[in-house]
Each structure stands twice: as C-alpha cells, then as structure tokens.
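So the structure is just underneath, and the comments pick up after that.
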Amino acid sequence: MEKAIIETPAGFAGLCWSGSGLVLLNLPAPTVSDAEIELESALERLPGRPNEAARPPAGGSIDVKRLEKGLNDYFSGKRADLSVPVDWSHYTEFQKKVLQRVYSVPWGRVVSYGQIAREVGTPRGARAVGGAVGSNRVLLVVPCHRVIAHDGTLGGFGGGLDWKRKLLKIEGLDI
DNA sequence: CTAACTAAACCTA
DNA sequence: TAGGTTTAGTTAG
C-alpha cells in the first residue's frame, strides 16, 4: 500500500493505493500535516483485510501524476478527467454495486438516491444507498457528491454539507 | 439473530 | 410544506 500527499488549488489531498487501484482519496486539507493526519486516520478506519500490505505488485499502480493534474483541473473549474482504477476490495457487494454506478455519473450532473437504488435492483432501497455512498473512500473519483435527494435538496455528505455544496458549485450547480 | 441506526422516499392532509 | 410511515442494507450487541 503506497501513500502520497498531492497539492491541489484547494489544498493538500492525501491518497493511497494498492496494486489494483486507488484505495483512498481525501478532500484537500489546508496544510500538508493536516492531510497526513487525515490520511492516517482514514487508513486506520479502513475495514477488513489485514493481508493487504502483503501483496504489492510493483508494476500495476495508478498514474498519480495524471490524477494530480486531473484534480488541478477540477479545482480550477474545468471539466476534469478523474478516471483512475479503483481498488474495490474493501467494500461489500452492495456498496461496490452502488459506488460503481455512481462512478459513471458525469461532471455537472446529479442523480437521486432513489434513482441509484432502482438502477442497482433494490427499488425501495434509497436509504440503503445513502448508507452505501457514505462508505465511499475515494471522493471525487467516485463522485458521491453528485447524489442528492429526489426533491432537489442536498441530502448528506460525510465530509460536511459545505463541501458538497462547494463541489457542486464548482460544477456549475447551485443547490 | 435482533435491534438500532441512516447521506430517502412516500403518503396524507 | 409538515409530519408520520415505510423501507433495505449495515453495524453493534
């Protein structure tokens, strides 16, 4: 499991990845040390699998430079390409299904919890979808901030509703 | 296994 | 619009 702190126009973001993809991407923090602290704390809260560190395939890692450029573009207000392989191994089946669907929501668009629920085959599981997107650990790459309530209100956000509003604002949406 | 949580949606008035 | 009800999956005990 490799770690890094990268600089974005909005601050310093901590991330870590395994051989199969991105494991963690935090929202930008004001200082490098804030970002480090948040990253460590997120790592401790990572569910499951103690054998993760035991298999680091040296070759297959993510393109950190490209992600850094993507985030730079994103926080400069551009329609950025944040696509990067994600390591889904720390999620339950349901969470994975939901997050993979959210992954495909394009820049500047929003969907409702209920819509996601219908699309993953649990038509009345909107609240469960809320719980699942709340488990997202690769913010922005899986754009869970684009999932809002069906009546157009914000819903919730693990990183705080101010962040959610701000991210949507960057994408031209005033909610 | 149960019970208590939700980042929802629906129904009624 | 407000308030109560229904709902599916996760998590703690």
Side-chain angles (χ1 to χ4, degrees), chain A residues 1 8 10-11 13-16 18 20-30 34-35 37-53 67 70-71 74-75 77 79-80 82-84 86-175:
Chain A
M1 192 86 89
T8 80
L15 63 151
C16 76
S18 70
S20 40
L22 192 63
V23 174
L24 223 50
L25 174 61
N26 283 343
L27 289 171
D34 286 334
I37 289 168
E38 287 179 22
L39 183 58
E40 289 311 315
S41 138
L43 272 170
E44 283 171 22
R45 304 224 155 273
L46 201 61
R49 309 266 299 295
N51 57 338
E52 181 66 33
L67 180 58
L71 290 172
Y74 182 84
F75 285 109
R79 195 171 312 233
L82 297 178
S83 65
V84 63
V86 173
D87 181 348
W88 300 107
S89 62
H90 299 274
Y91 297 98
T92 66
E93 280 308 304
F94 181 74
Q95 290 169 340
K96 198 195 309 183
K97 219 177 349 176
V98 169
L99 293 175
Q100 285 176 342
R101 170 62 187 90
V102 174
Y103 185 88
S104 70
V105 178
W107 190 96
R109 294 281 310 278
V110 291
V111 294
S112 74
Y113 297 95
Q115 188 176 338
I116 298 282
R118 287 190 291 276
E119 288 175 6
V120 300
T122 58
R124 267 148 257 170
R127 298 190 81 169
V129 167
V133 293
S135 73
N136 179 26
R137 272 161 244 120
V138 284
L139 302 197
L140 305 171
V141 171
V142 171
C144 61
H145 60 282
R146 295 180 191 139
V147 186
I148 65 176
H150 79 124
D151 62 357
T153 55
L154 266 182
F157 194 64
L161 286 179
D162 289 342
W163 261 114
K164 187 168 185 175
R165 200 175 292 109
K166 179 174 173 178
L167 295 174
L168 291 172
K169 184 89 177 178
I170 288 174
E171 302 181 18
L173 300 169
D174 209 344
I175 300 180

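Every chain is numbered from 1, with letters handed out A, B, ... down the list of sequences. The basis for the numbers below is simple: all heavy atoms, side chains too, and nothing from hydrogens, waters or symmetry mates.
Evaluated for a side-chain contact (heavy atoms from CB on, under 4.5 Å) with V110(A), the options V105(A), I148(A), L154(A) yield exactly one hit, I148(A). Among V23(A), V142(A), L22(A), the one residue that satisfies the side-chain contact (heavy atoms from CB on, under 4.5 Å) test with W88(A) is V142(A).
In DNA chain C, runs of at least 3 stacked Watson-Crick or G-U pairs (N1-N3 plus N6-O4 or O6-N4, or N1-O2 plus O6-N3, all under 3.5 Å) give these stems: B:1-6 with C:8-13, B:8-13 with C:1-6.
Taking both residues in full, the closest heavy atoms of I170(A) and G77(A) are given as CG2-CA, 4.2 Å, listed atom of the first, atom of the second, then distance.
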Check your understanding: What is the per-nucleotide protein-contact pattern of nucleotides 2-13 of chain C, from the 5' end, where B denotes a base atom under 4.0 Å from a protein heavy atom, S denotes such proximity for sugar-phosphate atoms only, and - denotes neither?
Key -> ----BBBSSS--
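No side-chain heavy atom of V98(A) sits under 4.5 Å from any side-chain heavy atom of Y91(A). Side-chain atoms of H145(A) and F157(A), non-hydrogen and from C-beta on, do get closer than 4.5 Å to each other. Contact annotation: the side chain of L15(A) approaches that of L25(A) to within less than 4.5 Å [non-hydrogen atoms, C-beta and beyond]. Side-chain contact check for N136(A) versus V102(A): every heavy-atom pair is 4.5 Å or farther apart. Contact of the V141(A) side chain with the L67(A) side chain is registered, since non-hydrogen atoms from C-beta on lie closer than 4.5 Å. Put simply, the side chain of L167(A) reaches to within 4.5 Å of the side chain of L27(A), judged on heavy atoms.
Of all nucleotides in DNA chain B having an atom under 4.0 Å from a heavy atom of chain A, the first and last in 5' to 3' order are dT6(B) to dC10(B).
Side chain of K164(A) to backbone of C144(A): no donor-acceptor contact under 3.5 angstrom is found.
Pairs engaging residues 97-113 of chain A under the salt bridge (Lys or Arg N to Asp or Glu O under 4.0 Å) rule: R101(A)-E119(A) [sequence neighbours left out]. Listed by first and then second residue, the salt bridge (Lys or Arg N to Asp or Glu O under 4.0 Å) pairs involving residues 143-163 of chain A are R146(A)-E171(A), D162(A)-R165(A) (not counting sequence neighbours). Residue pairs satisfying the salt bridge (Lys or Arg N to Asp or Glu O under 4.0 Å) criterion with at least one member in residues 135-144 of chain A, sequence neighbours excluded, are absent.
Judged as a side chain to side chain contact (heavy atoms under 4.5 Å, CB included), and not counting sequence neighbours, S41(A) has no contacts. Every residue two or more places apart in sequence or in another chain was checked for a side chain to side chain donor-acceptor pair (under 3.5 Å) with Q100(A), and none qualifies. Taking the side chain to side chain contact (heavy atoms under 4.5 Å, CB included) definition, one finds that A117(A) meets it with T122(A), V129(A), sequence neighbours left out.
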**Study point:** Full working for side chain to side chain contact (heavy atoms under 4.5 Å, CB included) between V133(A) and Y113(A)
**Key:** CA-CA 9 Å; V133(A) 293; Y113(A) 297 95; 3.9 Å; yes
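The stretch residues 139-151 of chain A comes close to DNA chain B through C144(A), A149(A), H150(A), each having a heavy atom under 4.0 Å from the strand. Of the residues in residues 156-175 of chain A, not one places a heavy atom less than 4.0 Å from an atom of DNA chain C. Near DNA chain B, meaning a heavy atom under 4.0 Å away, the residues from residues 96-115 of chain A are S112(A), Y113(A), G114(A).
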